[in-house]
Amino acid sequence: MKVIVVGSGGREHAIAWKLSESNQVEKVVCVPGNGGTALEKKCVNVNPDSCTYLDGEKGADAFVKIAKKEGCTLAVIGPEDPLAEGVADAFWAAGIPTVGPKKQGAQLEASKDLSKVFMKKYGVACAMSETFTDKNEALSYIEKRGAPIVVKADGLAAGKGVVVAKTVEEAKKAVEELMEEGKVGDAGKKLVIEDYLRGVEISVLAAVSVTKESAASGKACIIPFIPARDHKRLNDGAQGPNTGGMGAIAPVPDVTAEQMDAFNKTILEPTLKGMIEEGFDYRGFIFFGLMLTENGPKCLEYNVRLGDPETQAVLPMMESDFASLCTSITDGTLKDFALSWKKGYCVAPVAVSGGYPASYKKGMQITLDYKAVRSFGAKVFVAGAIINRRSNSRTQASDSLPLVEDDSPEMHMLITNGGRVLACSAYSDSFDDARARAYGALTKISFKGMYYRHDIGLPGAAESN
């Protein structure tokens with residue numbers, strides 16, 4: 001089969017790569033993809049902005065038209081924005097089974113307020129919170145509750161809408177920046193302010209298949225993946241500003257079976273119940289952001305897709321055929337799917353552009369010795385990098401980038417095009433060896449201003465409250 005993957009980040013590269021490993025998959029069409037997906041086996045990039053056959057179509061209409069032209073019979077949506085805009089609805093309406101919730105279910109991430117209302121309604125373990133549209137009421141609430149306290153923009157803010165304030169003054173400043181100064185635009189006009197939870201964070205990604213039909217037949221389900229941990233802070237020792245993620249590990253050595261049992265009972269099962277009772281058509285993935293507290297796991301947030309960079313650590317651990325998993329999600333057979341995992345660990349540090357998460361330069365040439373990287377047993381997942389088209393004349397006028405082999409000269413035409421440039425993922429039977437392999441491979445990659453943390457997965461590296 002042919003599969004369309006919507007998105008351009010490291011998560012989408014990992015998804016495309018994992019799909020390409022399946023014998024069932026003939027071709028993966030990445031829209032728009034990135035420099036990594038352009039060079040992946042079975043994969044081709046299609047940029048809607050340069051498609052000559054699109055007649056003014058944008059967004060969902062363009063994605064559907066590309067999928068039909070390419071003969072795709074399955075769609076996988078990577079990022080949250082298209083899901084919140086109803087891209088999955090459009091694919092299903094066009095007769096293309098889609099991994100990604102329809103618009104109604106996607107609001108669990110698109111609105112922090114809606115997600116908290118959902119959690120409270122169905123008894124999902126989470127922090128106490130209140131929602132505000134009036135700045136003065138928000139400030140008064142902060143005065144009353146004290147600090148530390150967490151201030152969240154209601155809407156999608158690309159990871160920039162959450163402030164963990166250690167003092168009342170810091171919390172008030174966050175309110176001013178989000179509501180008055182428009183730091184994240186309209187996303188910050190409504191705020192969710194919640195109690196600060198003490199503990200250590202983990203992520204649990206999961207596959208979901210919920211429809212009215214599957215609910216009626218008892219087939220509706222959420223199947224959790226192995227736990228993962230993202231490292232959000234820029235610098236070693238969980239210091240510095242928050243980022244989109246500086247690296248991930250999977251599974252997490254310090255998570256116990258008892259904690260996962262508690263997660264299933266107090267968070268996953270109530271979430272499934274809520275999806276069923278709300279009548280969601282939710283066939284896709286969900287991300288549970290969790291705080292492991294002394295009173296058990298608490299749900300910090302839902303994401304309605306796979307996490308980034310957690311996906312780059314989790315998918316290399318998956319033994320099951322990913323294309324088959326996706327099909328089971330869409331056709332309602334997920335509950336019977338035998339999901340299996342490798343024994344061992346994956347470590348995936350992220351290399352970023354100098355200056356990230358603030359301002360940074362683009363267009364830095366990437367030197368990447370793929371043979372050396374492979375010698376460490378590592379895999380590079382590209383995020384903010386593209387092919388330097390000025391040096392690749394045979395793709396300039398094309399709607400898509402052709403498949404090329406790993407060792408071709410085009411590998412030296414990758415240039416940076418974002419803050420998080422790539423993740424270097426390595427698997428091994430032991431955690432220490434996986435770390436050594438990932439960091440060894442990372443030394444074989446360079447670009448001007450390249451920066452990465454040296455402690456991903458070590459004690460003291462994880463964000464904790």
Side-chain angles (χ1 to χ4, degrees), residues 1-55 57-103 106 207-209 281-285 304-306 308 311 315 321-331 381-383 386-387 395 398-403:
M1 64 177 166
K2 298 178 182 179
V3 186
I4 181 171
V5 174
V6 175
S8 63
R11 165 185 49 225
E12 287 74 44
H13 185 183
I15 289 170
W17 162 76
K18 196 65 175 175
L19 285 168
S20 74
E21 286 196 324
S22 172
N23 292 331
Q24 299 179 43
V25 174
E26 173 190 349
K27 184 179 182 181
V28 182
V29 181
C30 304
V31 184
N34 60 38
T37 55
L39 305 171
E40 198 66 60
K41 290 184 293 184
K42 297 186 184 178
C43 297
V44 61
N45 284 0
V46 176
N47 187 342
D49 293 337
S50 62
C51 278
T52 55
Y53 57 81
L54 289 180
D55 188 21
E57 291 97 343
K58 298 289 184 182
D61 292 337
F63 298 148
V64 169
K65 191 166 187 177
I66 291 168
K68 286 189 171 183
K69 181 174 176 60
E70 296 285 347
C72 297
T73 56
L74 178 69
V76 181
I77 315 300
E80 62 273 22
D81 286 339
L83 291 167
E85 293 162 6
V87 167
D89 305 64
F91 273 117
W92 279 105
I96 301 173
T98 303
V99 179
K102 288 187 176 179
K103 187 173 183 177
V208 185
S209 188
D281 185 336
Y282 198 121
R283 286 171 280 184
F285 300 111
V304 296
R305 32 71 187 187
L306 294 177
D308 191 345
T311 301
L315 287 190
D321 183 279
F322 187 62
S324 296
L325 173 64
C326 290
T327 301
S328 76
I329 289 170
T330 60
D331 68 13
F381 293 114
V382 171
I386 58 173
I387 300 291
T395 67
S398 176
D399 289 338
S400 62
L401 289 171
L403 172 70

One should read off an interatomic distance between C30 SG and L19 CG, to the nearest 0.5 angstrom, of 8.5 Å
Handout entry: Close side-chain approach of P79 and R11, heavy atoms under 4.5 Å
Key = yes
d(E80 CD, L306 CG) to nearest 0.5 Å is 11.5 Å
E57 with K65: basic N within carboxylate O range, under 4.0 Å: yes
* Asked: Any side-chain donor paired with an acceptor under 3.5 Å for Q24 and S324?
  -> yes
W92 vs T330 side-chain heavy atoms within contact, under 4.5 Å:
yes
Would you check if K103 and D281 make a side-chain contact, meaning some heavy-atom pair closer than 4.5 Å? no
**Study point:** Any V304 side-chain heavy atom under 4.5 Å of Y282 side chain
**Key:** yes
Close side-chain approach of P97 to D331, heavy-atom, < 4.5 Å:
no
Is any side-chain heavy atom of I4 less than 4.5 Å from a side-chain heavy atom of F91?
yes
*Does T327 reach the side chain of M1, with side-chain heavy atoms less than 4.5 Å apart?*
yes
Exercise for review: Without swapping roles, check the side chain of T73 against the backbone of G71 for a donor-acceptor pair under 3.5 Å.
Suggested key: no
For G100 and A88 the tightest heavy-atom approach is O-CB, 3.4 Å
dist D89:CG -> L83:CG (nearest 0.5 Å) comes out at 9.5 Å
Taken to the nearest 0.5 Å, the spacing of K69 NZ from L54 CG works out to 9.5 Å
Report the C-alpha distance between V3 and E70 in whole Å, list the side-chain angles of each, state the deciding distance to 0.1 Å, and finish with yes or no for side chain to side chain contact (heavy atoms under 4.5 Å, CB included). CA-CA 9 Å; V3 186; E70 296 285 347; over 6 Å; no
Rounded to the nearest 0.5 angstrom, the CZ-CG distance for F381 and N34 is 11.5 Å
Treating N45 as the side-chain partner and G33 as the backbone partner, does any N or O pair qualify as donor plus acceptor under 3.5 Å? no
So, do V28 and W17 sit near enough that their side-chain heavy atoms are less than 4.5 Å apart?
no
CD of E21 to CD of E40, rounded to nearest 0.5 Å, is 8.5 Å
Here the pair of heavy atoms bringing N23 nearest to D321 is N-OD2, 4.3 Å
Per side chain to side chain contact (heavy atoms under 4.5 Å, CB included), H13 is matched among L39, T37, D308 by T37
